[in-house]
Amino acid sequence: MSSDQLLAFETDCHLFKDCGFEAPSVWSFIFDPLFVVGGVEFNKPMLLALLGTFLILAFFWAAFSKPKVVPGKLQMVAEAGYDFVRRGIVREVIGKKGEPFVPFLVSLFFFVWMLNLWALIPLAQFPVSSVIAYPAGLAIVVWATYMTVTFKTNGFVGGIRNLCVPGGLPKPIYVILTPIEFVSNIFVRPFTLAVRLFANMFAGHVLILIFTIATWYMLGTVLGTVYASASFVLTIVLTVFELFIQALQAYVFTVLTATYLSQALEEAH
């Protein structure tokens with residue numbers, strides 16, 4: 001690793017020691033392969049994504065493999081999470097016709113949340129969704145589902161009308177509105193869905209890194225320790241705030257997906 005890839009806490013660099021503050025850079029989000037399987041290189045984010053998938057599957061399998069009328073603690077927690085998505089998102093956004101999509105949206109919510117939570121789990125300490133490939137992959141899955149449901153519900157012509165021709169407007173407006181709706185629904189929606197999740201997790205991780213590194217950097221003198229203490233307090237505050245943002249972004253991602261599916265299920269005007 002070259003010197004420009006080192007962070008401040010990886011060196012003996014401190015305030016008042018004639019060395020500059022090494023802020024987080026692109027190297028904070030690039031990882032060398034940990035191992036190779038069948039020619040596929042697995043790095044830290046990939047491993048965390050796979051481990052997160054396994055943990056979610058194991059959790060729900062353990063909770064529901066032998067369900068009881070009087071649920072135990074694990075089943076009660078799993079039922080609460082499932083019911084939160086089913087009632088709080090699917091029923092509120094789509095209605096009863098969204099019932100077939102409950103498993104998909106429950107899986108999406110918990111998977112996105114797990115990708116985000118890795119940022120605060122010891123030894124992992126990295127939000128997988130801060131790597132654009134993962135939000136982009138999820139957005140493609142959502143977009144493909146959205147398109148499939150749209151055309152399956154309305155047919156080809158009806159699906160095009162559903163995507164591009166909102167009803168109840170004066171006909172001259174459609175000359176301008178139809179291409180805007182086409183670009184918005186086909187291209188902008190998956191793009192913004194991915195970027196919203198990525199940008200929030202990327203920014204949150206960078207902020208926590210900055211104040212964590214600053215805490216180390218400012219140690220070494222009495223005055224520096226005062227600065228370091230303030231930086232450490234801000235690190236704790238940001239970490240707690242990040243817990244809220246992680247859950248919120250999983251919720252927003254799932255609600256937007258439910259909104260798209262609700263539109264897909266509407267009959268073309």
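Residue indices begin at 1 and follow the sequence shown.
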*List the steps and the verdict of side-chain contact (heavy atoms from CB on, under 4.5 Å) for N116 and L197.*
CA-CA 9 Å; N116 298 343; L197 175 60; 3.9 Å; yes
*asked:* Run K44 and V128 through side-chain contact (heavy atoms from CB on, under 4.5 Å) and show every step you take.
replied: CA-CA 9 Å; K44 182 177 180 178; V128 179; over 6 Å; no
*Kindly indicate, with the supporting measurements, whether the criterion side-chain contact (heavy atoms from CB on, under 4.5 Å) is fulfilled by V90 and F101.*
CA-CA 8 Å; V90 178; F101 300 101; 5.6 Å; no
_Between F84 and F109, does the ring pair (Phe, Tyr, Trp, His ring centres under 6.0 Å) criterion hold? Intermediate values first, please._
CA-CA 10 Å; F84 168 74; F109 174 80; 5.7 Å; yes
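Partner of C164 under the side chain to side chain contact (heavy atoms under 4.5 Å, CB included) criterion, out of T178, L177, N185: T178 alone.
Linking ILVMFWY residues whenever their side-chain heavy atoms come closer than 4.5 Å, directly or via other members, leaves V237 and L209 in distinct clusters. One hydrophobic cluster, built from ILVMFWY side chains closer than 4.5 Å, holds both V142 and V183. Hydrophobic clustering places V206 together with L243 (ILVMFWY residues linked when any side-chain heavy atoms are closer than 4.5 Å, directly or through intermediates). Cluster membership for L57 and F104, using ILVMFWY side-chain heavy atoms within less than 4.5 angstrom, is not shared. I180 and F182 end up in different hydrophobic clusters when Ile, Leu, Val, Met, Phe, Trp and Tyr side chains are linked at under 4.5 Å.
Using a 4.5 Å cut-off on side-chain heavy atoms (C-beta onward), L223 and M218 make no contact. Put simply, the side chain of Y260 does not reach to within 4.5 Å of the side chain of V149, judged on heavy atoms. A heavy-atom distance below 4.5 Å is found between the side chains of T145 and L261. Residues V77 and F59 meet the side-chain proximity criterion, which asks for heavy atoms closer than 4.5 Å. Between L163 and F151, the closest side-chain pair of non-hydrogen atoms falls below 4.5 Å. Looking only at side-chain heavy atoms (C-beta outward), L138 and L115 come within less than 4.5 Å of each other. Contact annotation: the side chain of Y251 approaches that of I89 to within less than 4.5 Å [non-hydrogen atoms, C-beta and beyond].
Atom CG of residue L105 and atom OG1 of residue T254 lie 6.5 Å apart, to the nearest 0.5 angstrom. The distance from atom CG of N43 to atom CG of D32, rounded to the nearest 0.5 Å, is 9.0 Å. Considering CG of L234 and OG1 of T212, their distance stands at 10.5 Å, rounded to 0.5 Å. Separating the CG atom in L123 from the CD atom in Q125 is a distance of 7.0 Å, to the nearest 0.5 Å. Remark: N200 CG to E242 CD distance equals 8.5 Å, nearest 0.5 Å. Here the straight-line distance linking atom CD1 of I236 with atom CD1 of I208 works out to 9.5 Å at 0.5 Å rounding.
Considering all non-hydrogen atoms of both residues, I186 and W143 come closest at O-NE1, 3.1 Å. Summarising the geometry of A139 relative to P190, their closest heavy-atom pair is CB-O, 3.4 Å, with the distance given to 0.1 Å. In this structure, Q263 and N162 approach most closely via the heavy-atom pair O-ND2, 3.1 Å. Closest heavy-atom contact between I132 and A194: CD1-O, 4.4 Å. Among all heavy-atom pairs drawn from I56 and F111, the shortest one is CD1-CA, 3.5 Å. Considering all non-hydrogen atoms of both residues, P135 and S129 come closest at CG-O, 3.2 Å.
Within the 6.0 Å centre-distance limit, the rings of F31 and F126 are counted as a close aromatic pair.
Proximity of a side-chain donor or acceptor of Q75 to a complementary backbone N or O of K68 within less than 3.5 Å is detected. One N or O on the side chain of S65 and one on the backbone of W61 form a donor-acceptor pair closer than 3.5 Å. Side-chain N or O atoms of Y134 include one that pairs as donor or acceptor with a backbone N or O of M46 at under 3.5 Å. The closest donor-acceptor contact from the side chain of S231 to the backbone of F211 lies under 3.5 Å. Within the 3.5 Å criterion, the main-chain N or O of E79 finds no donor-acceptor partner in the side chain of D83. Checking side-chain atoms of T150 against main-chain N and O of Y146 turns up a donor-acceptor pair under 3.5 Å.
The environment of K152 atom NZ is sparse: at most 12 non-hydrogen atoms of other residues, nucleotides or ligands sit within 6.0 angstrom. For F35, the CZ atom counts as densely surrounded, since its 6.0 Å shell holds more than 12 non-hydrogen atoms of other residues, nucleotides or ligands.
Using a 30° and 60° split on the angle between ring planes, F64 and F60 fall in the parallel class, below 30°. Taking the six-membered ring for Trp and thresholds of 30 and 60 degrees, H205 and F29 have ring planes more than 60 degrees apart, a perpendicular arrangement.
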